[in-house]
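Notes for the one structure printed next.
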Protein chains: 2
Amino acid sequence: MTAAPRPQDRSLPLRERKKLRTRRALADAALRLFGEQGFDATTLEELVDAVEVSKSTFFRTFPAKEAVAIEAEVELWSACLAALAERPLTGLVLAELQGVLAEVTAALDPDWDERYAATRELVRSTPALLSYMAHYRNEVEQQIIARLAERLDLPADDLRLRVLAQLTITAWSVSARDWVHSTDRGDRSSLTARLARTFAAIPAGLELRAGG
Amino acid sequence: MTAAPRPQDRSLPLRERKKLRTRRALADAALRLFGEQGFDATTLEELVDAVEVSKSTFFRTFPAKEAVAIEAEVELWSACLAALAERPLTGLVLAELQGVLAEVTAALDPDWDERYAATRELVRSTPALLSYMAHYRNEVEQQIIARLAERLDLPADDLRLRVLAQLTITAWSVSARDWVHSTDRGDRSSLTARLARTFAAIPAGLELRAGG
DNA sequence: GACCATATTGGCACTCGGTCTCATTTGGCA
DNA sequence: TGCCAAATGAGACCGAGTGCCAATATGGTC
């Protein structure tokens, strides 16, 4: 299942725990600072000063300023990709992908909800983050395709895999947006329910007709 | 039908014609320089020096260094969005979207093929451009959704519209990639045929099953 | 053709994200 | 304790992108 490793995990070597700690510290400080002053108005120097690390360390931990703002999203998809590699696949692939999302969201850190909500709000109101999110989800799409291609023994450029990966990400995006804006954010089972409804509504898109 | 306005068009005021000329000059020089030296290795200064305009003018014409490299893609979708606003919509919406692409690609400049092929090759081999393309297509997706929502009198957050817009862009992407790499690049009718095949193959994605 | 209001351009200083290099520190382990 | 490898910090450096102001070109008007 491979959930995100936590800094408290005493089984990890000290070095790794430290790295995870600064990573989390950076992500937390980022959500706070970006939320207070805005993403653009916050310089990297401010952020690394707040956490007391150097700019060098920042870029060894995150590939870009934008990345630290969407850690919660990254945690989600990292877990999904790990789950996708292990889970036995039977029947409709789209249903399996839905299952992976349900399984993974149930196992995330308790404080993930809040961080994810903050992330989405930040992304919504920041063009640079919206753009970076598109970039990141594109990479996730490629990864999902690669995993599926391997598991199903299909070529990586099979159109069907691309369609499935894309629809999965979209289904997540609209379900989560809905959930975050709803009153039962924090209730994971309501998220699962929303996912089920969204996945069920997908096929109707293909058959949509114009009135005239 | 509103194809891309051309600098030779004498009906346009001189001012507009000049702007279009520099725009095209920048896009052409960009494809050449980026192709020769690579995107990252070519500085903006080199580019604007080659066209003999200032950096200021560049950023008044394009929103980013990446944008000038994907002009051919932008021309395509601009024409599509214009067509989508005028075209009468009847029957399956997905089929209409396919129709728009077919109609638009048939009407593009004769030299568009070559520029588009160069663009795709450049994008394929340049991470920064891949990322920018994801960003741009995301914007196009929103535009398509907005147009469809208006025409079909549906809310802009209707999941079905998002699915349709996304599948259309994906169908274009794989059809065009295939076409560009094929021997009959330059034959627009073969592109139309590929589009038809790709659109027809979409529904099979939803029903893909795992062997086990 | 001269003139004026306005749109456009060029030049330039400046900010800041991101890369690179090298000296310094820290954790892992015998 | 002492050694090696890995991580960190410091700072120079590059180039994309922004803002400001002066210079220039355009399209009507008299």
Side-chain angles (χ1 to χ4, degrees), chain A residues 5 7-27 29-30 33-34 37-70 122 126-133 135-136, chain B residues 5 7 9-27 29-30 33-34 37-70 122 126-132 135-136:
Chain A
Q8 297 84 348
D9 189 343
R10 289 315 220 78
S11 76
L12 259 52
L14 177 57
R15 222 177 240 170
E16 297 303 314
R17 271 182 279 161
K18 270 199 166 179
K19 278 209 279 189
L20 286 174
R21 237 188 293 145
T22 52
R23 189 185 181 92
R24 278 301 282 273
L26 281 168
L33 289 174
F34 295 166
Q37 325 175 351
F39 177 80
D40 296 310
T42 308
T43 66
L44 248 136
E45 206 186 340
E46 277 184 272
L47 175 57
V48 298
D49 281 358
V51 185
E52 291 181 299
V53 286
S54 67
K55 214 171 47 150
S56 313
T57 300
F58 178 89
F59 282 108
R60 283 189 203 102
T61 313
F62 296 98
K65 182 187 175 191
E66 287 82 5
V68 73
I70 65 161
L122 212 50
T126 311
L129 289 179
L130 217 51
S131 167
Y132 190 79
M133 187 64 98
H135 157 72
Y136 175 68
Chain B
D9 188 345
R10 292 313 223 79
S11 75
L12 259 50
L14 176 57
R15 229 177 235 172
E16 298 302 315
R17 269 181 284 161
K18 272 200 164 179
K19 278 209 278 189
L20 286 175
R21 238 188 295 146
T22 51
R23 187 183 182 92
R24 278 301 284 268
L26 281 168
L33 289 174
F34 295 165
Q37 324 175 352
F39 177 80
D40 295 310
T42 308
T43 66
L44 221 56
E45 204 186 341
E46 277 182 271
L47 175 57
V48 299
D49 281 358
V51 185
E52 292 182 300
V53 287
S54 66
K55 214 169 50 150
S56 312
T57 300
F58 179 89
F59 282 108
R60 283 187 202 105
T61 314
F62 296 98
K65 183 188 175 191
E66 287 82 6
V68 74
I70 64 161
L122 212 50
T126 312
L129 289 179
L130 217 53
S131 168
Y132 191 78
H135 157 72
Y136 175 69

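Protein chains get the first letters and strands the later ones, always in sequence-line order, with residue 1 at the start of each.
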Checklist entry - In residues 59-67 of chain A, which ones come under 4.0 Å of DNA chain C, going by heavy atoms? => result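 Within this stretch, A:Phe59, A:Ala64, A:Lys65, A:Glu66 sit under 4.0 Å of the strand.
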Atom [atom1] of [X] and atom [atom2] of [N]: how far apart are they, to the nearest Å?
X       : N      : atom1 : atom2 : answer
A:Phe58 : D:dA10 : CZ    : C1'   : 18 Å
A:Arg21 : C:dG27 : CZ    : C1'   : 13 Å
B:Glu45 : C:dC12 : CD    : C1'   : 12 Å
B:Arg23 : C:dT9  : CZ    : C1'   : 17 Å
B:Leu20 : C:dT8  : CG    : P     : 12 Å
B:Leu44 : C:dG10 : CG    : P     : 13 Å

Next on the checklist: Tell me the closest heavy-atom pair linking A:Ala64 and A:Tyr132, and the distance in Å.
Outcome noted: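 That closest heavy-atom pairing would be CB-CE1, 4.2 Å.
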Item to check | Nearest non-hydrogen partners of B:Val68 and B:Ala30, listed with the distance | outcome: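 Minimum heavy-atom separation between B:Val68 and B:Ala30: CG1-CB, 3.7 Å.
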Does the side chain of [X] get closer than 4.0 angstrom to OP1 or OP2 of [N] through an N or O atom?
X       : N      : answer
A:Lys19 : D:dA7  : yes
B:Lys18 : D:dT26 : yes
B:Thr57 : C:dG10 : yes

When you compare the side chain of [Y] with that of [X], does any pair of heavy atoms fall below 4.5 Å?
X        : Y        : value
B:Lys19  : B:Glu16  : yes
B:Phe58  : B:Val51  : no
A:His135 : A:Ser131 : no
B:Val53  : B:Leu26  : yes

Counting side-chain heavy atoms from C-beta on, which of [options] comes nearest to [X]?
X       : options                : result
A:Ser56 : D:dG11, D:dA16, C:dC12 : D:dG11
A:Arg15 : D:dG19, D:dG15, C:dT26 : C:dT26
B:Lys55 : D:dA6, C:dG17, D:dG17  : D:dG17

Checklist entry - Is A:Lys65 positioned over the aromatic face of A:Phe39, cation under 6.0 angstrom from the ring centre and no more than 45 degrees off axis? => result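 A:Lys65 over A:Phe39 ring: yes.
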Checklist entry - So does A:Thr43 reach the base of C:dG17 with its side chain, donor to acceptor, closer than 3.5 Å? => result no
